[in-house]
Amino acid sequence: QVQLVESGGDLVQPGGSLRLSCAASGSLFRINAMGWFRQAPGKERELVATIGVGGSTRYSDSVKGRFTISRDNLKNTIYLQMNNLKPEDTAVYYCNAGLDYGDRYRPRDWWGQGTQVTVSA
């Protein structure tokens, strides 16, 4: 089992910034990558960004250039720095633990509780 705890969600104005955190614990040998997903009301959960072996990163087109995923291996924590936020970024953001062998991210069924990000004036 892998446990994930997110934090950092908030209400922010358009153009603002937020940083989300996700701390992982448990059987971390079962994973080699982690990622952020988000789900807006009435929409399916979508991949936002992932970070894998060697720090390799992937981003959805909608956030590329605005969001940055990073990690602190000593703290078993990943971060999502979100800049130039837009109203369409409003969603519940979830952390996931998974696998990445260099071709694509494979989410496993370990999720955090979610953290709400609301972008509104």
Any donor-acceptor pair under 3.5 Å from Q113 side chain to V5 backbone: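 Looks like no, no N/O pair under 3.5 Å.
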Might you point out which heavy atoms bring [X] and [Y] nearest each other, and give the distance in Å?
X	Y	result
A121	P14	N-CD, 3.7 Å
I31	G98	CB-O, 3.2 Å
M34	A24	CE-CB, 3.9 Å
S7	T115	C-OG1, 4.3 Å
L18	G8	CD2-O, 3.9 Å
S62	R38	OG-NH2, 3.4 Å

Flag for [Y]-[X]: side-chain donor and acceptor within less than 3.5 Å:
X	Y	value
N96	Y105	yes
S17	N83	yes
S120	T118	no
T90	E88	no

Less than 4.5 Å apart, any side-chain heavy atom of [X] and any of [Y]?
X	Y	result
T50	W36	no
V92	R45	no
L20	M82	yes
C95	I78	yes
D89	F67	yes
N76	L28	yes
R66	K86	yes
E46	Q39	no

Do you reckon V48 sits in the same ILVMFWY cluster as Y59, going by side-chain contacts under 4.5 Å, direct or chained?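 In one cluster: yes.
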Please lay out, stage by stage, how Y79 and R71 fare under the test side-chain contact (heavy atoms from CB on, under 4.5 Å). CA-CA 6 Å; Y79 305 95; R71 68 186 183 193; 5.8 Å; no
By the definition ring-ring contact (aromatic ring centres under 6.0 Å, His included), identify the one residue from Y93, Y94, W111 that meets it with F37.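 Checked Y93, Y94, W111 against F37; only one passes ring-ring contact (aromatic ring centres under 6.0 Å, His included): W111.
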Check the pair T68, L80 against side-chain contact (heavy atoms from CB on, under 4.5 Å), reporting the backbone distance first and the verdict last. CA-CA 6 Å; T68 302; L80 185 67; over 6 Å; no
Is there a side-chain contact (heavy atoms from CB on, under 4.5 Å) between D100 and R58? Walk through the geometry before answering. CA-CA 11 Å; D100 191 330; R58 303 180 192 275; 3.0 Å; yes
Any ion pair linking K64 and D61 (charged N to carboxylate O, less than 4.0 Å)?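 K64 and D61: salt-bridged.
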What's the spacing between L11 CG and Q116 CD if we round to 0.5 Å?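 It is 9.5 Å, given to the nearest 0.5 Å.
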First locate atom CG of N32, then atom CZ of R106, and finally report the distance between them rounded to the nearest 0.5 Å.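 If we round to the nearest 0.5 Å, N32:CG and R106:CZ are 9.5 Å apart.
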